[in-house]
There are 2 protein chains.
Amino acid sequence: MTRDPLPSLTALRAFEATARLGSASAAADSLHLTHGAISRQIKALESELGTPLFTRHGRRLVLSAEGQAFADRCTQAFDIISAARRTLERTREGAPLVLTCTGSLLARWLIPRLPRLNSELPELRLHWVSDERESAAAEQDIDAHLVFTEPNPANTHQRILATERIGPVIAPQLAAQLGLAAGSASHSVLNQPLLHTLSRPQAWPQWARLYGIDEKELQLGQGFEHLYYLLEAAEAGLGIAIAPQLLVEDAIESGRLIAPWGFAATDARLTLISREDLGATAQRQLNELGNWLEAMLALPLPSRR
Amino acid sequence: MTRDPLPSLTALRAFEATARLGSASAAADSLHLTHGAISRQIKALESELGTPLFTRHGRRLVLSAEGQAFADRCTQAFDIISAARRTLERTREGAPLVLTCTGSLLARWLIPRLPRLNSELPELRLHWVSDERESAAAEQDIDAHLVFTEPNPANTHQRILATERIGPVIAPQLAAQLGLAAGSASHSVLNQPLLHTLSRPQAWPQWARLYGIDEKELQLGQGFEHLYYLLEAAEAGLGIAIAPQLLVEDAIESGRLIAPWGFAATDARLTLISREDLGATAQRQLNELGNWLEAMLALPLPSRR
DNA sequence: AGCCATATGTGAGAAAAACTCACATACAGA
DNA sequence: TCTGTATGTGAGTTTTTCTCACATATGGCT
């Protein structure tokens with residue numbers, strides 16, 4: 001039940017940092033100490049353990065074989081402590097749920113609805129972080145990831161919220177200028193330069209297939225890094241963009257964009273993917289958020305805001 | 001490459017001991033501190049981590065769920081450090097090779113030969129510990145175990161040194177009294193009370209089988225806990241004992257015992273079983289010892305001493 | 001209910017540990 | 001040989017940790 005007395009843990013920390021970083025000076029910087037402090041701690045540790053851990057070659061500290069093995073174990077132990085601390089901070093009472101999604105989803109759909117979310121679920125403490133990657137759920141410190149993706153049936157830590165629907169959008173001024181009437185089903189889109197994103201080059205071809213249009217006839221125009229810029233460009237009248245309905249519904253509602261050809265469902269789903277080791281509190285919060293999002297997405301369009 | 005700053009490790013040690021032992025007072029005893037010191041450290045840690053780890057129920061400290069998870073990780077980390085320290089102490093330069101064998105083997109064969117061993121291999125630092133169990137090789141802090149056992153072909157960390165040979169031995173005075181001539185092959189052993197050990201009850205039946213004697217005819221007399229006492233009893237003339245040749249060769253040489261019926265090989269071998277994670281130095285030392293033992297055991301009997 | 005044994009919390013000051021500074025030492029490479 | 005970089009150390013300071021003594025809380029026992 002009882003354990004052998006541990007060596008001085010302060011000394012151990014200095015030793016481990018030195019071993020890991022390869023020099024006492026680097027360890028001193030890393031621990032915000034002077035090299036003298038490190039040097040003393042290492043000496044003290046060697047004396048306490050009764051064996052040298054480094055061999056001194058002039059101004060160079062080289063780990064002995066046993067010292068290396070010992071240092072590796074210490075690193076392992078400290079990594080465990082460090083990870084435990086992070087977990088504790090993530091799971092502690094009152095800690096916010098940390099969520100990621102792409103900047104465009106955050107800016108164009110979530111942020112406009114946060115006031116309503118806050119008023120309907122005032123207890124829910126959330127922290128949104130934008131992350132353009134498709135899979136950031138397992139990331140350090142991220143509790144869950146909201147993303148359009150094709151669901152993985154094997155993943156039990158995901159919640160499917162809505163079907164992705166994509167469609168071309170255009171500023172009304174540009175539509176008028178081009179002679180496109182809202183609601184027109186014409187294929188005139190083919191004659192226009194199509195704005196697109198570099199992060200999702202398959203969007204236009206995908207849409208074309210859904211509408212039975214030969215994708216080779218598409219004339220791709222300017223590309224943008226992210227959907228967010230693409231939609232700004234569309235609103236500014238730079239051309240025809242393609243986007244998930246969710247991200248343009250506000251713009252359409254307010255008349256900044258129109259979607260003359262409507263939207264078509266894709267195989268992707270708006271999915272909430274959570275890490276597997278969520279604490280009980282976080283899991284509860286996440287469920288509440290999922291419920292709210294699901295309810296919100298089920299509302300008829302005009303009242304979604 | 002760099003790591004998050006660790007929490008105060010002194011505080012962590014106090015917390016972990018408290019969590020593990022279930023009380024601050026117990027932790028204080030365990031760490032040779034006062035309960036006040038523990039109490040302060042825990043408070044400091046909770047303040048540093050920004051979350052309570054215990055819920056206070058009057059005079060009782062109860063871990064919160066997150067605190068429990070955190071404590072478990074800390075215990076794991078400290079266990080690693082503790083184990084690493086033990087390993088370091090075992091493998092450090094100049095550390096003796098720690099060996100075990102039974103008390104009888106140690107007293108009746110090894111100790112009489114240690115002077116010769118020390119003079120022939122003066123560099124070899126050994127520490128012999130008696131242990132009556134058959135398998136002590138994986139034991140904490142034990143490098144190797146010297147034992148009569150039936151070898152396990154799958155074990156690569158064993159070295160077979162000699163075949164076990166067992167036979168009945170008797171004090172010459174008693175032999176004379178009973179009318180037994182040395183070298184006699186008679187079955188008169190059957191009429192005598194046979195001294196035996198409780199730790200190895202199969203020795204006499206085994207021998208009887210080797211000589212084609214019906215083991216039911218054996219009349220077991222007084223039993224002793226260990227071979228060591230058995231042999232003392234035999235030398236004192238209490239009856240006929242059975243023992244490995246190795247353990248009585250000195251006594252036979254000096255005339256304290258005789259072996260009228262000789263010795264017969266069994267399936268057991270004198271085997272040096274080592275732990276699997278020996279350091280390079282220890283492995284080298286063990287090889288030297290094994291070589292020496294093997295050479296010694298290969299010598300003709302009179303010069304083995 | 002009252003009391004006692006047990007366990008934790010805390011203020012003040014003592015003790016110990018850890019740290020810094022400044023200088024010393026040691027080497028590698030220009 | 002000189003210079004830049006890295007570790008070692010004596011002396012003194014700062015910070016942390018600990019103890020003591022007392023306070024507080026409570027669970028079980030009579």
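All values below were derived from every heavy atom in this structure, side-chain atoms included, with hydrogens, water molecules and symmetry-related copies excluded. Residue numbers begin at 1 in each chain, while the letters A, B, ... track the order of the sequences.
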Donor on one side chain, acceptor on other, B:S274 and B:H157, under 3.5 Å: no
Side-chain donor-acceptor contact under 3.5 Å, A:N291 with A:R159: yes
Would a 4.5 Å heavy-atom cut-off, applied to side chains only, mark [X] and [Y] as touching?
X      : Y      : result
A:T102 : A:V147 : no
A:L198 : A:F224 : no
B:S8   : B:E48  : yes

salt_bridge([X], [Y]) N-O dist < 4.0 Å:
X     : Y      : answer
B:E46 : B:R40  : no
B:R90 : B:D277 : yes
B:R3  : A:E16  : yes

Per-nucleotide protein contact string for nucleotides 25-30 of chain C (B base, S sugar-phosphate only, - none; heavy atom under 4.0 Å): -BBS--
Selection: [range], any non-hydrogen atom under 4.0 Å of DNA chain D:
range                     : value
residues 8-25 of chain B  : B:S8, B:T10
residues 41-54 of chain A : A:K43
residues 29-36 of chain B : B:H32, B:L33, B:T34, B:G36

Tell me if the [atom1] atom of [X] is crowded by more than 12 foreign heavy atoms within 6.0 Å.
X      : atom1 : answer
B:Y228 : OH    : no
B:R56  : CZ    : yes
B:R86  : CZ    : yes
A:R60  : CZ    : no

Sugar-phosphate only, base, or nothing, as touched by B:R56 at under 4.0 Å among non-hydrogen atoms: sugar-phosphate
Range on DNA chain D touched by chain A - first to last nucleotide, heavy-atom distance under 4.0 Å: D:dG4 to D:dA11
Under the ring-ring contact (aromatic ring centres under 6.0 Å, His included) test, residues paired with B:F70 that sit two or more places apart: B:F15
